[in-house]
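Remarks on the structure that follows.
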Amino acid sequence: MKVFKFGGASLETIERIQRVGQIIQSYSGDQLLVVISAMGKTTNELEKVAQNFFMRKREIAAQLLYNVEQYHLQVAEQLLGTKEHNLFVQLQQFFTEAEWTLGEKPLRTYDYYYDQIVGLGELLSTAIVSAYFNETGITNVWLDVRDVFRTDDNFRDANIDWEVTQRQVNEKVLPLFNTASIVIAQGFIGSTDQNESVTLGREGSDFSAAVFANLLNAESQTIWKDVEGLKNADPKIFPNTVNIPEISFGEVIEMAYYGAQVIHPKTIKPLQNKQIPLYVKCFLDKELPGTVIREDADQRSLPPIIVLKRNQVLITITSRDFAFITEDKISDIYEIFHAKKIKINLTQNAAISFSCCIDNNPEKIELLIKALHQGFKISYNEGLELLTVRHYRNGLLDELTKGRKILLEQRSDSTVQMVVK
Ligand code: ASP
Ligand code: MG
């Protein structure tokens with residue numbers, strides 16, 4: 001059994017959806033659990049629906065939802081070449097449910113309504129793709145993942161109940177493979193024990209696929225992307241990036257920790273726990289080698305890995321009475337950061353001051369400064385970048401920081417981090 005995940009970019013055009021079909025067809029000897037996310041930018045559009053609904057801008061919400069519906073109906077009609085198909089009945093049911101939600105008064109939390117509305121994207125995309133594949137001879141079964149993925153009610157970032165979900169995978173998913181070798185399910189969503197829809201966090205479909213891979217004891221997971229594989233830096237920012245053919249789970253976790261937007265960070269653990277390799281491949285050209293992420297990857301030829309986090313702020317916190325910043329003060333400071341849900345990207349302390357680099361979120365920073373104000377003097381520097389290089393070489397560091405001011409720097413054997421202006 002293999003688990004595949006196709007993201008929004010792979011469903012952006014009719015031609016791409018057809019290409020996904022060809023890829024799946026080329027694995028005809030395998031059992032495949034295929035996880036699919038919403039088409040193109042649908043999730044962003046549905047977020048706007050949720051926001052407007054919650055702000056009681058009902059008409060705007062209804063109009064935005066209507067646009068999403070029309071877009072999906074068009075794609076479905078183009079793929080199937082007709083409107084006379086059961087698929088359209090199924091789509092209509094999803095639309096009706098969403099319209100009901102929009103008819104309610106928003107009495108519960110925003111996060112709750114967000115999850116009831118935004119998960120629609122995945123239901124629509126999977127229903128369309130599944131019906132289209134069945135018409136073209138790629139026999140598959142459509143699965144409503146909300147009948148399988150049980151979570152808590154931490155809306156917008158729900159946590160999987162692994163025990164219940166394992167039981168439901170055994171009872172409801174495995175038997176499907178007796179009727180077809182392909183099962184198509186939604187990424188990103190699940191459900192509570194009260195049958196409320198939940199989402200697992202933006203870009204969560206990679207993680208959904210990893211949950212399936214873990215619980216089905218899959219031989220591998222493949223994430224199909226519009227890029228060649230994992231690169232040593234973001235090609236939109238850096239010239240001359242190289243593809244990484246092999247890399248370990250640990251290294252990918254480090255990359256994600258430092259801010260690389262490669263794979264959803266929650267994805268690795270379920271795979272690592274069961275030693276299931278993760279392939280990243282390009283759906284535009286499946287012959288490209290891509291990347292394999294596994295425990296015992298041969299990393300001898302790993303290139304330097306560069307991660308750049310933009311829009312950073314360096315905050316310096318100084319004691320008002322020139323007292324030393326000792327453990328008790330540091331623990332007070334951390335408590336405040338924790339209470340304001342601010343993640344610290346890098347810290348450094350000196351005798352009477354403590355500096356840290358954080359993402360620039362003006363509202364949060366204002367609250368932070370208010371909270372720290374009593375005991376400390378605060379100064380801060382905006383418009384910075386946090387540059388992290390793993391497996392660095394000195395020549396490369398010079399090149400990357402040429403003409404720039406380094407405000408703070410930390411080095412270990414393997415990693416250098418710099419806050420630069
Ligand atoms: N459709 C969701 C999102 O765009 C989940 C995903 O793509 O993984 O965030
Ligand atoms: Mg997406």
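Here the structure is a predicted model, which means the values were calculated and not measured. In listed order, ligands and their atoms are each counted from 1.
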> By number and element, which atoms of ligand 1 are closer than 4.0 Å to a non-hydrogen atom of Phe188?
Replying inline: 2 (C), 5 (C)

> Which atoms of ligand 1 have any heavy atom of Arg202 under 4.0 Å away?
Replying inline: 3 (C), 4 (O), 9 (O)

> Under 4.0 Å from ligand 1, counting heavy atoms only, is it the side chain of His264, its backbone, both or neither?
Replying inline: neither

> Distance only, no hydrogens: is a donor on one side chain within 3.5 Å (strictly under) of an acceptor on the other, for Thr165 and Arg150?
Replying inline: no

> Taking atom types as modelled and ignoring hydrogens, do the side chains of Glu45 and Asn67 form a donor-acceptor contact shorter than 3.5 angstrom?
Replying inline: no

>> Taking a cutoff of less than 4.0 Å between a non-hydrogen atom of the residue and any ligand atom, is Gly204 in contact with ligand 1?
In response: yes

> For the rings on Phe4 and Tyr27, is their centre-to-centre separation under 6.0 Å?
Replying inline: yes

> Any luck finding a side-chain donor-acceptor pair between Asn311 and Asp359 under 3.5 Å?
Replying inline: no

>> What I want to know is whether Glu203 and ligand 1 share at least one N or O pair that is separated by under 3.5 angstrom.
In response: yes

>> Students often mix this up, so state it plainly: with edges at 30° and 60°, are the rings of Phe6 and Trp224 parallel, tilted or perpendicular?
In response: parallel

> Out of Gly8, Ser205, Ser125, Ala209, whose heavy atom sits nearest atom 6 (C) of ligand 1?
Replying inline: Ser205

